[in-house]
Chemist: 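Pasting a structure here, questions to come.
Just so we're on the same page: letters track the sequence lines, and every chain starts at 1. If you're wondering where the values come from, they're calculated on a predicted model, not measured in any experiment.
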There are 2 protein chains.
Amino acid sequence: MTRRRATLKDVADRAGVSIATVSNVFTGRKAVNDELRMRVERAAKELSFQIDRAASQLKSGKARVVGVLVPDLDDTFFTSLISRIELMALEEGYDVIVASSRDDRQLEESRLHTLLGWRPSGIIAVPCSDTVPTILAREVARLPTVLVDRVVPEAATADTVTIDNFEAGQIAGRYLVEMGHSDIALAASHLDIAPIRERVRGAVSIVQELTGKEPVAVALGSNAERGADIFAHWLERHPLPSAVFALTNVTTLAVLTALARQRIDIPDQVSLIAFDDYTWMSARKTALTAIRQPVDDIARLAWERLQLRMEGDASQPRPSILSTTLQVRDSTRRIARAGDEEPAVAEQGSAAAGERQNSIH
Amino acid sequence: MTRRRATLKDVADRAGVSIATVSNVFTGRKAVNDELRMRVERAAKELSFQIDRAASQLKSGKARVVGVLVPDLDDTFFTSLISRIELMALEEGYDVIVASSRDDRQLEESRLHTLLGWRPSGIIAVPCSDTVPTILAREVARLPTVLVDRVVPEAATADTVTIDNFEAGQIAGRYLVEMGHSDIALAASHLDIAPIRERVRGAVSIVQELTGKEPVAVALGSNAERGADIFAHWLERHPLPSAVFALTNVTTLAVLTALARQRIDIPDQVSLIAFDDYTWMSARKTALTAIRQPVDDIARLAWERLQLRMEGDASQPRPSILSTTLQVRDSTRRIARAGDEEPAVAEQGSAAAGERQNSIH
DNA sequence: GTTTTACTGTAAAACGTTTAACAGGTGGAC
DNA sequence: GTCCACCTGTTAAACGTTTTACAGTAAAAC
């Protein structure tokens, strides 16, 4: 019943040819007479034969697998990356092994270690911190590697694909200032992650330059529920800012949750700029103004770089830096500028405080 | 520079032992003298040696990989499934190969075929239609297989883990009727998918039993943006129902998008029950009442069943059916029942029509 | 008619592991 | 003192492919 799996030899015997011929039929690297080919194909189908990848890979040394490592498989940013990579990999005949580091440096190393055991043709990794995992740094000479998102391009010894995080911060900051805001909170995840720091730096620098005021950054972690608690707690001991810029999609969720819980209205009481651009962000009465990362481009670039490397390109590691765009929608209200014709900020602040009082009861 | 990868033999030479000893150190299936063991471990570290899985698997016949096939890697329901499976797999020392069938029967077969090439220890698959892929049906005797979500448990020849879709429809339907609704639209994805049909059947049966009216099902597909267009279009040629029950998280998104676009208020103009329960559903002023699938339990059960099979359990295939729960929040308004004290439904309908008129301009 | 060339098919040697079978040495039981 | 068991370590044979080298045949070139 549980019959042994068919091998090249079984097919060869049944078709009355040598295993080399069968192999040639399957790999196509040598012409095979039509009649024989058909015999082989029929035999293979009858035995539901399937090349054993382990054996194939062992002998040929070529793997047709890429490893993809991300910090969190529940974060839609990373899964949409994976979805796109999986598609391109499929088209080129590669399979994808996924691993999640769960934002844990140690797990990251160990996941990479087992990933490497597959002798993959390449690795696309989103590190969980901005120090490149030692195991990758060591392998980078022999293993095509592309680092995505959470990287400092200048420090990396491999190809990188990142967005211009500083610019992203600036874009959001400038827009908020243009809309009259200067009392701004930055909803960060972790301040020790390079791209987050850059987003903060971008926003802070432009807001400071234009208004003289410094936005305050709050670290909410990378879990939406816990982040909501932290932000709610923060709201209790600080005056309500006139605008919040969320620096990741998870902190966007955290901020929204906290705000909803305290019945603080967007954008009447506080304006919001979200990060990333997902369907749910527009599927609401007040659609969210958001900084959009070009996920498609990120995935495509990462794959293209990886492919080049897998084809043997040994040139200097190259950083690719993509721009984000601001999707203007309804969650950012124009308010009168502080110090302009009327003391709008104060008014806004007190109104908000009143409402909050209300909701905390 | 691009040095050859270290093998057992390299380590053995450097440590001055035989390759069998090195293998024993790594697999631990035979005791090795402490001193030798340490020599081996040091040599391995110095060469950054790593067992070649292809060779190991070829020889031992054991794989320590499971394949996971889902219909869509952009659907959070499936990715949260994967996330949980990956964690449990990790704990047992398995790696995970993911593949997406992109809701395409043909691609599904071909993805499964390549998945099988890995000789995985097991496969967890969410079929894209309710007919079990032929290739799996054929393999099921020798390959541990668990089918999840989109399956008809009675028809499957493998273990299945599903929710009680009929019951889910009933729960939502009953709740809507209790809240006074009888004019109900069902936002389905595809009506040819068994679980969707069951959800429809559940909702229709209970609503019909309690009110005599039959909810109408609309097929919106499995893409939120396109679904929103379809639903918007549907709204234009039908009177606004008093409630919508979305049967998947994607159609939830589609409905929300269409409603937001036409400025139809939830729950004032139309009530909504969402499907699945994600953070973004509560992170809004009117948090969504939703049917919650026990994703954790689904993933856990699927893994446990798979593990049993991988350990050799050859008993009859067993279906596991889990219950959903209704998370009552703010998106479903209580209205006066049709035919009761006041003609609320008609009033509701005309108000909605007016508003819609407005938005279509 | 002989030599080339081209074309197909096969034999056989790896690839890096696991693992059965064996070898050598030590210590205990008798 | 002999025998046996035990403990460690090694040898060598697979596993199912890919691929090189070669053989055989037929067609083309001379």
Chemist: Any salt bridge between A:Arg150 and A:Asp103, counting N to O under 4.0 Å?
Modeler: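 Looking at A:Arg150 and A:Asp103, the cut-off is met.
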Chemist: Quick one: do B:Arg309 and B:Glu304 make a salt bridge, cutoff under 4.0 Å?
Modeler: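 No, B:Arg309 and B:Glu304 are not salt-bridged.
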Chemist: Check side chain to side chain donor-acceptor pair (under 3.5 Å) between A:Arg53 and all other residues, then give those that pass, not counting sequence neighbours.
Modeler: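 Once residues adjacent in sequence are excluded, the partners of A:Arg53 under the side chain to side chain donor-acceptor pair (under 3.5 Å) criterion are A:Asp95.
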Chemist: Counting only non-hydrogen atoms, which of residues 7-16 of chain B are less than 4.0 Å from DNA chain C?
Modeler: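 Under 4.0 Å from DNA chain C: B:Thr7, B:Leu8.
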Chemist: Applying side chain to side chain donor-acceptor pair (under 3.5 Å), can you list everything that pairs with B:Thr134, at least two apart in sequence or on another chain?
Modeler: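 B:Thr134 satisfies side chain to side chain donor-acceptor pair (under 3.5 Å) with B:Glu109 only.
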Chemist: Return the value, rounded to whole Å, for the distance between atom CG of A:Asn24 and atom P of C:dG9.
Modeler: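 Taking CG of A:Asn24 and P of C:dG9, I get 9 Å after rounding.
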Chemist: Can you list everything that forms a side-chain contact (heavy atoms from CB on, under 4.5 Å) with A:Glu311? Sequence neighbours excluded, please.
Modeler: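 Only A:Gln307, A:Leu308 meet the side-chain contact (heavy atoms from CB on, under 4.5 Å) criterion with A:Glu311.
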Chemist: Applying side chain to side chain donor-acceptor pair (under 3.5 Å), name anything that partners B:Glu35, two or more places apart in sequence or on another chain.
Modeler: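 Here the qualifying residues are B:Arg39.
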Chemist: At a cut-off of 3.5 Å, list every protein nitrogen or oxygen paired with a nitrogen or oxygen from nucleotides 21-27 of chain C, distance to 0.1 Å.
Modeler:
unit_1: C:dA21; atom_1: N6; unit_2: B:Lys30; atom_2: NZ; d: 3.4

Chemist: Apply side chain to side chain donor-acceptor pair (under 3.5 Å) to B:Ser18 and list each qualifying residue two or more places apart in sequence or on a separate chain.
Modeler: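 Testing B:Ser18 for side chain to side chain donor-acceptor pair (under 3.5 Å), a comparison that skips the adjacent residues, returns B:Thr21.
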Chemist: Heavy atoms of chain B, cut-off under 4.0 Å: which first and last nucleotide of DNA chain D, 5' to 3', fall inside that, if you could look?
Modeler: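 The protein-touched segment is D:dT8 to D:dG16.
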Chemist: Which whole-number value in Å describes the distance from B:Ile19 CD1 to C:dT17 P?
Modeler: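 Going from B:Ile19 (CD1) to C:dT17 (P), I get 8 Å.
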Chemist: What pairs with A:Asn223 under side-chain contact (heavy atoms from CB on, under 4.5 Å), at least two apart in sequence or on another chain?
Modeler: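 Listed in chain order: A:Glu225, A:Arg226.
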Chemist: Looking only at side-chain atoms of B:Arg29, point me to the closest of C:dA20, C:dT17, C:dG9.
Modeler: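 Nucleotide nearest to B:Arg29's side chain: C:dA20.
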Chemist: Could you check whether atom CZ of A:Arg318 has more than 12 heavy atoms from other residues, nucleotides or ligands sitting under 6.0 Å from it?
Modeler: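 Counting neighbours around CZ of A:Arg318, 12 or fewer heavy atoms of other residues, nucleotides or ligands fall under 6.0 Å, so no.
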Chemist: Which side chain to side chain donor-acceptor pair (under 3.5 Å) pairs, counting each pair once, include a residue from residues 66-78 of chain B, with sequence neighbours left out?
Modeler: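 Residue pairs with at least one partner in residues 66-78 of chain B: A:Ser83-B:Asp74, A:Arg84-B:Asp74, B:Asp75-B:Asn249.
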Chemist: Using five pairs at each end of the helix from C:dG1-D:dC30 to C:dC30-D:dG1 to define an axis, what is the angle between those two axes, to 10°?
Modeler: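 End-to-end axis angle: 50°.
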Chemist: Not counting sequence neighbours, list each pair that qualifies as a ring-ring contact (aromatic ring centres under 6.0 Å, His included) and has a residue in residues 45-68 of chain A.
Modeler: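 Non-adjacent pairs meeting ring-ring contact (aromatic ring centres under 6.0 Å, His included): A:Phe26-A:Phe49.
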